[in-house]
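This one's a predicted model, so the numbers in the text were calculated from it and none came from an experiment.
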Amino acid sequence: MAIPRTRPGNYPAILSYGFRPFFLLGALYAGVTILFWLPLFYGTVDTASLFAPVDWHIHEMLFGYAGAVITGFLLTAIPNWTGRLPVQGAPLVMLVLLWLAGRFAIFFSATIGWTAAMAVDGAFLIAVAGAAAVEIAAGRNWRNLKVLAPVSVLFAANLLFHLEAHFNGVSDISRRLAIGAIVLLIMIIGGRITPSFTRNWLVRANPGRLPVPFSRFDTATILLSALALTAWTVVPDHPATGTALVAAALINAARLARWAGDRTVRDPLVLVLHLSYAFVPIGLLLTGLASIFPQAVPAAAGLHALGVGAIGCMTLSVMVRATLGHTGRELRAGADGCAIFAAILAAAVLRIYAAFHPGETALLHLSGAAWALAFLGYALLFGGMLLRPRLRVGEDEGRDVLARLMTKRA
């Protein structure tokens with residue numbers, strides 16, 4: 001008999017796997033906070049936070065939303081690497097409560113004090129790293145301890161964010177460090193699953209040219225990008241940094257072109273991964289050009305190409321696919337899924353365009369509305385799958401492709 005995917009227990013289905021609560025809460029939080037952000041930006045509402053409004057927005061997108069989604073992904077991937085049952089039940093509840101406590105601590109930091117807010121907020125990523133380390137060590141899957149690296153960098157960036165906001169009045173290095181860490185994670189994970197899912201679909205549905213397998217070229221791309229993003233974190237305005245970012249953009253564009261994305265138009269669930277990854281070279285290029293030609297290219301264009309585009313689009317694409325696969329549904333986007341993908345892509349394009357036209361506030365409103373539609377739409381359309389048990393084998397119309405791929409890669 002197959003090893004059970006979860007341990008039987010007296011808890012609801014949403015607590016049976018890490019992706020369930022964290023994808024749902026992350027999507028709800030992403031949608032609601034962006035609706036709150038625009039009135040906050042215009043000064044019509046306020047928080048009880050010590051963070052400046054723009055810092056609250058940046059922090060909660062990077063460490064609130066993205067932190068939740070990354071946690072959900074890791075807690076779902078690790079059992080496939082180790083062969084152990086997932087973190088579920090009471091331990092999962094504790095992680096969820098820590099994440100929620102961090103959101104309240106940030107919002108009410110003016111009441112509880114900046115040190116208390118930093119301690120509560122930082123405890124979540126420490127707990128995530130600890131849970132991941134315990135599971136990997138228990139499964140003796142030592143080579144995947146490297147998964148703790150991006151979590152550790154995010155934890156360091158989060159602490160630095162609090163320190164910069166308190167002593168300097170605004171975040172600087174920390175926001176770039178966090179964005180760089182998450183973008184590199186997209187290069188690593190997205191750079192594995194995108195060509196793999198593409199190959200699987202093409203072999204089955206559209207024989208012909210296939211993605212080029214992972215090679216030294218991919219390794220070199222990730223290393224060059226890491227160096228460029230490190231330089232951008234420390235000296236963002238130096239022309240040499242801009243040159244390195246442009247070079248990283250070009251090599252990432254060449255990497256994407258090797259994955260045969262032009263042949264996936266008939267499957268939106270695969271195509272959207274390519275479109276999402278495209279924002280990596282676009283973001284790197286715009287960020288590099290902003291360093292070289294600051295008068296012509298606004299820094300906000302590159303920041304939002306990486307943030308709304310690369311991070312927002314790729315995480316939502318993976319959330320949809322993982323939700324379908326891990327709940328036993330057919331891996332098909334459908335009209336609803338396509339609408340969600342169209343909304344998040346529109347949010348990214350509109351936000352980049354708005355950076356070049358700062359006086360046209362309607363663009364910000366349209367981008368924010370599209371972002372909220374995408375994530376609240378995900379919560380509405382896929383929330384029921386996350387709340388209900390996985391379909392039984394007899395009801396399973398699809399296969400858990402993501403789990404099999406992770407197992408193979410690990």
Side-chain angles (χ1 to χ4, degrees), residues 14 19-20 22-38 61 65-66 68-69 72-73 186 190 193-194 197-198 201 205-206 261-280 282 304-354 362-388 391 397-398 401-402:
I14 196 170
F19 76 94
R20 291 176 178 269
F22 281 111
F23 283 5
L24 181 57
L25 287 173
L28 289 170
Y29 194 65
V32 171
T33 53
I34 205 67
L35 294 178
F36 183 78
W37 158 239
L38 288 176
M61 287 295 101
Y65 163 69
V69 173
F73 179 87
I186 289 172
I193 65 175
T194 301
F197 288 145
T198 301
W201 183 80
N206 192 15
D262 57 294
R263 305 188 65 238
T264 65
V265 177
R266 285 167 28 208
D267 188 350
L269 208 58
V270 178
L271 176 63
V272 72
L273 295 174
H274 293 266
L275 296 177
S276 299
Y277 194 91
F279 284 104
V280 171
I282 292 172
H304 287 96
L306 294 174
V308 181
I311 297 174
C313 293
M314 183 59 80
T315 52
L316 185 59
S317 300
V318 172
M319 286 163 63
V320 170
R321 189 180 189 98
T323 300
L324 291 172
H326 280 282
T327 60
R329 271 73 179 182
E330 183 182 8
L331 289 173
R332 187 181 301 277
D336 294 339
C338 290
I340 289 174
F341 295 151
I344 191 61
L345 291 168
V349 172
L350 287 168
R351 189 60 188 88
I352 296 169
Y353 188 70
L363 293 172
L364 288 178
H365 290 223
L366 288 173
S367 177
W371 173 280
L373 178 63
F375 284 98
L376 295 180
Y378 167 86
L380 176 65
L381 297 172
F382 294 88
M385 301 180 192
L386 299 172
L387 293 169
R388 293 191 295 269
L391 293 180
E397 299 177 4
V401 178
L402 185 61

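Under the 4.5 Å side-chain criterion, counting only non-hydrogen atoms from C-beta, Leu364 is in contact with Arg351. Using a 4.5 Å heavy-atom threshold, the side chains of Thr327 and Leu391 count as separate. A heavy-atom distance below 4.5 Å is found between the side chains of Tyr29 and Thr33. Residues Leu24 and Leu387 are in side-chain contact: their nearest non-hydrogen atoms beyond the backbone lie under 4.5 Å apart. Looking only at side-chain heavy atoms (C-beta outward), Met319 and Phe19 stay at 4.5 Å or farther from each other. Using a 4.5 Å heavy-atom cutoff, the side chains of Val270 and Arg321 are in contact. Contact check for Thr264 versus Leu273: no side-chain heavy atoms found under the 4.5 Å cut-off. Inter-residue side-chain proximity for Val320 and Phe341 is flagged as met; some heavy-atom pair is nearer than 4.5 Å.
Residues Ala347 and Ser367 approach most closely at O-OG, 2.8 Å, considering heavy atoms. Across every non-hydrogen atom of Ala305 and Ile282, the tightest pair is CB-CG2, 4.3 Å. Residues Met385 and Arg20 approach most closely at O-NH1, 3.0 Å, considering heavy atoms. When all heavy atoms of Ala374 and Leu316 are compared, the pair lying nearest together is CB-CD2, 3.8 Å. Taking each heavy atom of Val308 and Ala348 in turn, the nearest pair found is CG1-CA, 3.5 Å. Gly31 and Ala372 get closest at one heavy-atom pair: O-CB, 3.9 Å.
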Candidate pair Leu306 and Phe279, rule side-chain contact (heavy atoms from CB on, under 4.5 Å), full reasoning
CA-CA 6 Å; Leu306 294 174; Phe279 284 104; over 6 Å; no
Evaluate the criterion side-chain contact (heavy atoms from CB on, under 4.5 Å) for residue pair Phe375 and Leu28; output intermediate values, then yes/no.
CA-CA 7 Å; Phe375 284 98; Leu28 289 170; over 6 Å; no
CA sep, side-chain torsions, deciding dist, call: Leu35, Leu376, side-chain contact (heavy atoms from CB on, under 4.5 Å):
CA-CA 11 Å; Leu35 294 178; Leu376 295 180; 4.2 Å; yes
May I have the step-by-step check of side-chain contact (heavy atoms from CB on, under 4.5 Å) for Tyr378 and Leu386, ending in yes or no?
CA-CA 11 Å; Tyr378 167 86; Leu386 299 172; 3.6 Å; yes
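Met314 contributes atom CE, which lies 9.5 Å from atom CG of Leu275 (distance to the nearest 0.5 angstrom). With values rounded to the nearest 0.5 angstrom, Ile14 atom CD1 is found 10.5 Å from Phe22 atom CZ.
Under the 6.0 Å cut-off for aromatic ring centres, Trp201 and Phe197 do not qualify, their centroids lying 6.0 Å or more apart.
Looking only at atom types and distance, the side chain of Thr198 has a donor-acceptor partner in the side chain of His274 under 3.5 Å away.
The list of side chain to side chain donor-acceptor pair (under 3.5 Å) pairs with a residue in residues 311-320, not counting sequence neighbours, reads Tyr65-Thr315, Ser276-Ser317.
At distances below 3.5 Å, at least one donor-acceptor pair connects side-chain atoms of Trp371 with backbone N or O atoms of Ala30.
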